[in-house]
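Bear in mind that the values here come from a model prediction, so they are computed numbers and not experimental data. Just so you know, ligand 1 is whichever comes first in the structure, and atom 1 is the first atom listed for that ligand.
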Amino acid sequence: MEEIGFLGLGIMGKAMSMNLLRHGFKLTVWNRTLSRCDELVEHGATIGESPAAVIKKCKYTIAMLSDPAAALSVVFEEGGVLEQICAGKGYIDMSTVDAETSSKISEAITSKGGNFLEAPVSGSKKPAEDGQLVILAAGEKALYEEILPAFDVLGKKSFYLGQVGNGAKMKLVVNMIMGSMMNAFSEGLVLTEKSGLNPQTLLDVLDLGAIANPMFKMKGPSMVQSSYSPAFPLKHQQKDMRLALALGDENSVPMPVAAAANEAFKKARSMGLGDLDFSAVHETLKATKS
Ligand SMILES: NC(=O)C1=CN([C@@H]2O[C@H](COP(=O)(O)OP(=O)(O)OC[C@H]3O[C@@H](n4cnc5c(N)ncnc54)[C@H](OP(=O)(O)O)[C@@H]3O)[C@@H](O)[C@H]2O)C=CC1
Ligand SMILES: O=CCCC(=O)O
């Protein structure tokens, strides 16, 4: 396949680009904090000095950026994607953003003749390292088909969901459910301890029943030990709750459970826990229930 550009080498972008390099893809990478490119260069990537320089060099460029503000700035600011995007080039934004942000980016790219696909992912650091993400793509179908060889390396399954915005919405619904579940799980763990039971026994019981799931299994033991090394930073989960609640607002869908979960994530941010794993919301519940 043609050389691929990659913008944004945070937790996910680094793991995804390492995986592409391991599978023989040629990559040109860019990150706002340029030193984060060094490890990728050691593994064979080339550095592009700006998003525009990456777009100029590569037929396809993937972005994995923190939030709507970052996704917009990489496209629209000086040295950004728009300066070099043109007919025959494809831009694939895999960041988790809202449909409005994605549509703005899509309109700008397509007005210059480029092709656009949004493709947020379900799955975190480890699935990104192992090529086990679930890809929620929407936008230009032809670009989806052209980029499938890369998606096949990055993920275990890709969904094509139709028009731009549908991938963003699906991703926000999934993360809204995940954030709500994390809060219910955390309350259960606190209640277990406060009522004199062993939280490890709760984990064993949950894992054998109807609500067993990979998130409880993976995060439970570290939450019991108050250990929150970031796989999915809490500040990004709160961003996703906020964007999902706005989607609920737009569609007149009452979401009292998600709204309460969002407040808990906001509280965690106010306690300085935003850069820890989203499971650190557990600390806020422990604090309020002691
Ligand atoms: N971590 C996870 O488990 C998952 C995350 N996601 C989503 O993927 C995206 C990336 O997440 P993750 O890798 O965890 O996040 P990180 O916080 O680790 O990385 C964020 C990236 O965005 C860049 N960035 C932030 N602001 C700007 C800006 N204004 N201009 C240019 N670049 C900017 C950062 O650059 P710099 O290094 O300079 O700060 C960094 O490369 C998010 O949208 C997140 O919601 C989706 C699935 C799972
Ligand atoms: O957006 C982050 C999702 C994390 C996960 O699916 O485990």
Side-chain angles (χ1 to χ4, degrees), residues 5-19 29-40 47-52 54 61-81 92-98 101-102 105 118-130 132-137 154-157 167-168 170-182 185 213-220 222 228-244 265 269 274-281:
F6 207 108
L7 311 178
L9 303 173
I11 293 173
M12 293 299 282
K14 179 184 161 192
M16 291 159 76
S17 33
M18 282 290 198
N19 188 25
V29 298
W30 172 86
N31 193 66
R32 179 181 61 174
T33 308
L34 269 182
S35 58
R36 279 184 133 171
C37 296
D38 293 350
E39 201 179 335
L40 276 295
I47 299 186
E49 73 222 18
S50 64
V54 174
T61 298
I62 294 174
M64 193 54 165
L65 301 157
S66 50
D67 55 18
L72 290 167
S73 106
V74 161
V75 171
F76 290 97
E77 282 186 7
E78 195 182 337
V81 168
I92 302 108
D93 193 342
M94 303 187 78
S95 322
T96 304
V97 298
D98 54 315
T101 299
S102 208
I105 294 173
E118 63 181 11
V121 299
S122 195
S124 193
K125 185 177 177 212
K126 181 82 169 66
E129 286 167 353
D130 298 344
Q132 293 293 305
L133 297 169
V134 179
I135 297 171
L136 306 172
L154 294 171
K156 62 181 172 187
K157 169 88 182 163
M170 182 65 82
K171 171 64 185 165
L172 292 177
V173 171
V174 172
N175 273 27
M176 181 272 286
I177 297 170
M178 189 177 75
S180 300
M181 278 173 66
M182 175 54 80
F185 183 44
N213 69 75
M215 182 176 85
F216 290 178
K217 197 174 174 71
M218 191 159 53
K219 305 285 184 189
S222 47
Y228 309 110
S229 168
F232 180 35
L234 187 143
K235 63 187 176 192
H236 296 332
Q237 170 69 84
Q238 197 265 315
K239 171 255 303 178
D240 296 347
M241 295 307 284
R242 180 175 71 239
L243 297 177
F265 286 119
R269 288 186 71 177
D275 290 324
L276 297 182
D277 190 70
F278 77 118
S279 51
V281 73

- prompt: How close does the nearest protein non-hydrogen atom get to atom 23 (C) of ligand 1, and which residue and atom is it?
  reply: Leu65 CD2, 4.0 Å
task: Pick one of side chain, backbone, both or neither for how Lys171 approaches ligand 2, counting any non-hydrogen atom pair under 4.0 Å.
output: side chain
Closest protein heavy atom to atom 7 (O) of ligand 2, given as residue, atom name and distance to 0.1 Å: Ser124 CB, 3.6 Å
task: For atom CE of Met170, decide whether the heavy atoms of other residues, nucleotides or ligands shown that lie under 6.0 angstrom number more than 12.
output: no
statement: Of all protein heavy atoms, the one nearest atom 20 (C) of ligand 1 is Ser66 CB, 3.7 Å
- line: So CD1 of Ile135 and NZ of Lys171: to nearest 0.5 Å the spacing works out to 11.5 Å
query: Is ligand 1 under 4.0 Å from a heavy atom in the side chain of Ser124, in the backbone, in both, or in neither?
result: both
task: Indicate yes or no: does an N/O atom of Gly8 lie under 3.5 Å from an N/O atom of ligand 1?
output: no
statement: If you scan protein heavy atoms around atom 6 (O) of ligand 2, the nearest is Gly123 N, 2.8 Å
- request: Pull out every atom of ligand 1 sitting under 4.0 Å from any heavy atom of His236, numbered as shown with elements.
  value: 11 (O), 14 (O), 15 (O), 16 (P), 17 (O), 45 (O)
field: Met64 neighbourhood, listing ligand 1 atoms whose heavy-atom distance to it stays under 4.0 Å
entry: 8 (O)
statement: One should read off an interatomic distance between Lys14 NZ and Glu129 CD, to the nearest 0.5 angstrom, of 8.0 Å
query: Does the pair Asp277 and Lys219 meet the rule for a salt bridge (Lys or Arg N to Asp or Glu O under 4.0 Å), with working shown?
result: CA-CA 10 Å; Asp277 190 70; Lys219 305 285 184 189; 3.1 Å; yes
message: Can you tell me how far apart CG (Asn31) and CG (Leu7) are? Round to the nearest 0.5 Å.
response: 9.0 Å
- request: Find out whether Asp240 and Met176 are in side-chain contact, i.e. whether some heavy atom of one side chain is under 4.5 Å from a heavy atom of the other.
  value: no
message: For Ala168, is there any backbone N or O sitting under 3.5 Å from a side-chain donor or acceptor partner on Glu118?
response: yes
- line: Quick look: Val174 vs ligand 2, heavy-atom contacts under 4.0 Å, and the answer is neither
statement: One finds that the ligand 1 atoms under 4.0 Å from a non-hydrogen atom of Val74 are 31 (C)
message: Which heavy atom of Gly167 sits nearest to which heavy atom of Pro120, and what is that distance?
response: O-CG, 3.5 Å
query: What residues form a side-chain contact (heavy atoms from CB on, under 4.5 Å) with Leu72, not counting sequence neighbours?
result: Phe76, Thr101, Lys104, Ile105
message: Against ligand 1, does Lys239 come closer than 4.0 Å with any heavy atom?
response: yes
Residue part near ligand 1, for Lys14, under 4.0 Å between non-hydrogen atoms: neither
task: Take Lys239 and Thr96 through the test side-chain contact (heavy atoms from CB on, under 4.5 Å) and record every step on the way to the result.
output: CA-CA 9 Å; Lys239 171 255 303 178; Thr96 304; 3.5 Å; yes
task: Verify side-chain contact (heavy atoms from CB on, under 4.5 Å) between Ser50 and Glu78, making sure each step is shown before the conclusion.
output: CA-CA 9 Å; Ser50 64; Glu78 195 182 337; over 6 Å; no
message: Give me the nearest non-hydrogen protein atom to atom 18 (O) of ligand 1 as residue plus atom name, then the distance to 0.1 Å.
response: Ile11 N, 2.9 Å
- prompt: Applying a strict 4.0 Å limit to heavy atoms, is Ala69 in contact with ligand 1?
  reply: no
message: Rounded at 0.5 Å granularity, tell me how far CD in Gln238 sits from CZ in Phe278.
response: 13.5 Å
message: Show the atoms of ligand 1 that are less than 4.0 angstrom away from any heavy atom in Asn31.
response: 35 (O), 36 (P), 37 (O), 38 (O), 40 (C), 41 (O)
Value rounded to 0.5 Å, distance of CG in Asn175 from CE in Met181: 11.5 Å
- prompt: Are any non-hydrogen side-chain atoms of Phe6 and Trp30 less than 4.5 angstrom apart?
  reply: no
message: Distance under 4.0 Å to a non-hydrogen atom of Val121: what atoms of ligand 1 satisfy this?
response: 46 (C), 47 (C)
Ser122, portion touching ligand 1 at heavy-atom distance under 4.0 Å: neither
task: For atom 14 (O) of ligand 1, grab the closest protein heavy atom and report residue, atom and distance to one decimal in Å.
output: Pro233 CD, 3.6 Å
task: Go through the steps for Val121 and Leu136 under the test side-chain contact (heavy atoms from CB on, under 4.5 Å), then give the verdict.
output: CA-CA 6 Å; Val121 299; Leu136 306 172; over 6 Å; no
- prompt: What part of Arg32, side chain, backbone, both or neither, has a heavy atom within less than 4.0 angstrom of ligand 1?
  reply: both
- request: Report yes if Arg36 has an N/O atom closer than 3.5 Å to an N/O atom of ligand 1; otherwise report no.
  value: yes
field: For Ala231, atoms of ligand 1 separated by under 4.0 Å from a heavy atom
entry: 1 (N), 2 (C), 3 (O)
query: With atoms numbered from 1 as shown, which atoms in ligand 1 lie under 4.0 angstrom from a non-hydrogen atom of Ser73?
result: 29 (N), 30 (N)
query: At a 4.0 Å threshold, what atoms of ligand 2 neighbour a non-hydrogen atom of Phe232?
result: 1 (O), 2 (C)
message: I need the His236 NE2 to Asp275 CG distance, nearest 0.5 Å.
response: 8.0 Å
task: Identify, by atom number and element, the atoms of ligand 1 in contact range of Leu9, meaning under 4.0 Å from any of its heavy atoms.
output: 41 (O)
- prompt: At what distance is the nearest protein heavy atom to atom 7 (C) of ligand 1, and which residue and atom is it?
  reply: Thr96 OG1, 3.5 Å
message: Please work out, at 4.0 Å between heavy atoms, whether the side chain, the backbone, both, or neither of Met94 comes within that distance of ligand 1.
response: neither
query: Nearest protein heavy-atom contact for atom 19 (O) of ligand 1: which residue, which atom, what distance?
result: Gly10 CA, 3.3 Å
query: Please state which protein non-hydrogen atom is closest to atom 48 (C) of ligand 1 and give its distance, to 0.1 Å?
result: Gly123 O, 3.1 Å
task: Among all protein heavy atoms, pick the one closest to atom 38 (O) of ligand 1 and tell me residue, atom and distance.
output: Thr33 OG1, 2.5 Å
task: In sequence, state the C-alpha distance, the side-chain angles, and the governing distance for Arg36 and Leu34, and then conclude on side-chain contact (heavy atoms from CB on, under 4.5 Å).
output: CA-CA 5 Å; Arg36 279 184 133 171; Leu34 269 182; over 6 Å; no
